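Since the structure is predicted, the reported quantities are computational estimates derived from the model, not experimental observations.
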Amino acid sequence: MTVRITAIIGDVFHEESAIRDSLEAALRLQGLLDEVHIRYAPYDQLEECLAERPAAVILFKEDRLNPGSAVVNRWMTAETAGRIAEYVRQGGGWLGWHSGLASFENVKEYIGMLRGHFLFHPREHSEVTYKAASNGLGIPSSAEFSLLDEHYFVECDEANTNVFLRSSSRDGESVAGWYHELEGGKVCCFTPAHTREGLLNQELLAVLGPVLRWIVT
């Protein structure tokens, strides 16, 4: 039986092909790639994709379409956020990955569903160390890896989710991964990584793989 996933990935700052390669490599490590059909879709087809009831949606795309412009256009509306939340409540899986957590602060239903969101990252990349915490995803609690990365600092409602990954760098410490169920569905948030090298880091993929398995099964 084929599992259908929708992936909406890539933005001004994040190369779509690198994200795609990372996603498929993590699925391959889990032995899932041959069992999964991934529909790569543009953001303006998200609601159409939700209507098809995929097993999971992966979002690696920030809300700003033209960051740096005098007038910034955003793509996620309150209505879209409501449809996302309803899709999840009815049994869908949702992975907010890296920039899929960014610049959505005005879409309250979306960040409420995530139980967290991106706040900022320092201007300069730094060596960021990611350490796993005790979890129900099958990730060894001893898992640890380091990347030259954008260090995402986030707001996370730790009391109402399950933190499975934490990050630290010269700039401080933050939550880097968390997951929870929402009625019939599943939500997971994962902050690394930014560069192609980071996205294809084997130790990162070994953590991302169980995340994807949990989301789609």
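- Note on L50 and L95: separate hydrophobic clusters, where clusters join Ile, Leu, Val, Met, Phe, Trp and Tyr whose side-chain heavy atoms are under 4.5 Å apart, directly or indirectly.
- Among all heavy-atom pairs drawn from L204 and G198, the shortest one is CD1-O, 3.7 Å.
- Checking side-chain atoms of T77 against main-chain N and O of T80 turns up a donor-acceptor pair under 3.5 Å.
- The main-chain N or O of P54 is found under 3.5 Å from a side-chain atom of Y87 such that the two form a donor-acceptor pair.
- Ring pair H98/Y152 is parallel by interplanar angle, where below 30° counts as parallel and above 60° as perpendicular.
- Atoms CD1 and CD, from I111 and E109 in turn, are 11.0 Å apart once rounded to the nearest 0.5 Å.
- Nearest heavy-atom pair, A41 versus Q45, reported as atom, atom and distance to 0.1 Å: CB-OE1, 4.2 Å.
- Between L137 atom CG and R213 atom CZ the span is 12.0 Å, to the nearest 0.5 Å.
- Looking at D157, its side chain never comes within 3.5 Å of a backbone N or O of R115 through a donor-acceptor pair.
- A heavy-atom distance below 4.5 Å is not found between the side chains of V12 and R64.
- Residue R39 holds its CZ atom at 4.5 Å from CD of E52, rounded to the nearest 0.5 Å.
- When every heavy atom of L46 is checked against every heavy atom of V57, the shortest pair comes out as CD1-CG1, 4.2 Å.
- Linking ILVMFWY residues whenever their side-chain heavy atoms come closer than 4.5 Å, directly or via other members, places L29 and L33 in the same cluster.
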Hey, can you pull the donor-acceptor pairs under 3.5 Å for the side chains in residues 177-184, sequence neighbours left out?
{"residue": "W178", "atom": "NE1", "partner": "L114", "partner atom": "O", "Å": "2.8"}
{"residue": "Y179", "atom": "OH", "partner": "G136", "partner atom": "N", "Å": "2.8"}
{"residue": "H180", "atom": "ND1", "partner": "T161", "partner atom": "OG1", "Å": "2.8"}
{"residue": "H180", "atom": "NE2", "partner": "M113", "partner atom": "O", "Å": "2.9"}

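- Here the straight-line distance linking atom CD1 of I8 with atom NZ of K61 works out to 9.0 Å at 0.5 Å rounding.
- Crowding of D34 atom CG: a count of heavy atoms from other residues, nucleotides or ligands under 6.0 Å not exceeding 12.
- Distance check: L148 CG to H194 NE2 gives 9.5 Å after rounding to the nearest 0.5 Å.
- Contact between R53 and G91 at its shortest, heavy atoms only, is NH2-N, 4.0 Å.
- Between N135 and L165, the closest side-chain pair of non-hydrogen atoms is not below 4.5 Å.
- There is a path of hydrophobic side-chain contacts, each under 4.5 Å, that joins L27 to I9.
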**Study point:** From CA spacing to verdict: side-chain contact (heavy atoms from CB on, under 4.5 Å), W97, L199
**Key:** CA-CA 11 Å; W97 182 6; L199 286 163; 3.7 Å; yes

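- In the hydrophobic cluster analysis, where Ile, Leu, Val, Met, Phe, Trp and Tyr join through side-chain heavy atoms closer than 4.5 angstrom, L101 is grouped apart from F153.
- Residue-environment remark: CD (E173) stays at or below the threshold of 12 foreign heavy atoms within 6.0 Å.
- Between F190 and V207, the closest side-chain pair of non-hydrogen atoms falls below 4.5 Å.
- Between R74 and N106 there is a side-chain heavy-atom pair separated by less than 4.5 Å.
- The side-chain heavy atoms of W214 and C188, taken from C-beta on, include a pair separated by under 4.5 Å.
- For the pair R166/V175, a side-chain contact is recorded, criterion being any heavy-atom separation below 4.5 Å from C-beta on.
- Among residues two or more places apart in sequence or in another chain, the side chain to side chain donor-acceptor pair (under 3.5 Å) test is passed with W94 by Y110.
- The shortest non-hydrogen separation linking E203 to F145 is CB-CB, 3.5 Å.
- Heavy atoms only, all atoms of each residue included: I84 and M76 are closest at CD1-CE, 3.5 Å.
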Point to revise | side-chain hydrogen bond (donor to acceptor under 3.5 Å, both in side chains) assessment of H151 paired with S167 | key: CA-CA 8 Å; H151 190 183; S167 61; 2.8 Å; yes

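- In this structure, I215 is a member of the same hydrophobic cluster as L205, with clusters built from ILVMFWY side-chain heavy atoms closer than 4.5 Å.
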**Study point:** Step-by-step side-chain hydrogen bond (donor to acceptor under 3.5 Å, both in side chains) determination, T195 to E197
**Key:** CA-CA 5 Å; T195 66; E197 182 179 6; 5.2 Å; no

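- L208 has its side chain within reach of S22: a pair of non-hydrogen atoms, C-beta onward, lies under 4.5 Å apart.
- Summarising the geometry, atom CG belonging to L147 is positioned 12.0 Å from atom OG belonging to S169; distances are rounded to the nearest 0.5 Å.
- Of the options L212, T6, V216, a side chain to side chain contact (heavy atoms under 4.5 Å, CB included) to I58 is made by L212 and by none of the others.
- In this structure, R196 pairs ionically with D21, as a charged nitrogen and a carboxylate oxygen lie closer than 4.0 Å.
- Using a 4.5 Å cut-off on side-chain heavy atoms (C-beta onward), L23 and Y40 make contact.
- A salt bridge does not link E86 to R83: none of the charged nitrogens lies less than 4.0 Å from a carboxylate oxygen.
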Review item, side-chain donor-acceptor pairs of residues 118-133, under 3.5 Å, at least two apart:
{"residue": "H121", "atom": "NE2", "partner": "E150", "partner atom": "OE2", "Å": "3.2"}
{"residue": "T129", "atom": "OG1", "partner": "S146", "partner atom": "OG", "Å": "2.9"}
{"residue": "Y130", "atom": "OH", "partner": "D149", "partner atom": "OD2", "Å": "2.7"}

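- The backbone N or O of T217 lies less than 3.5 Å from a partner atom in the side chain of K186, making a donor-acceptor pair.
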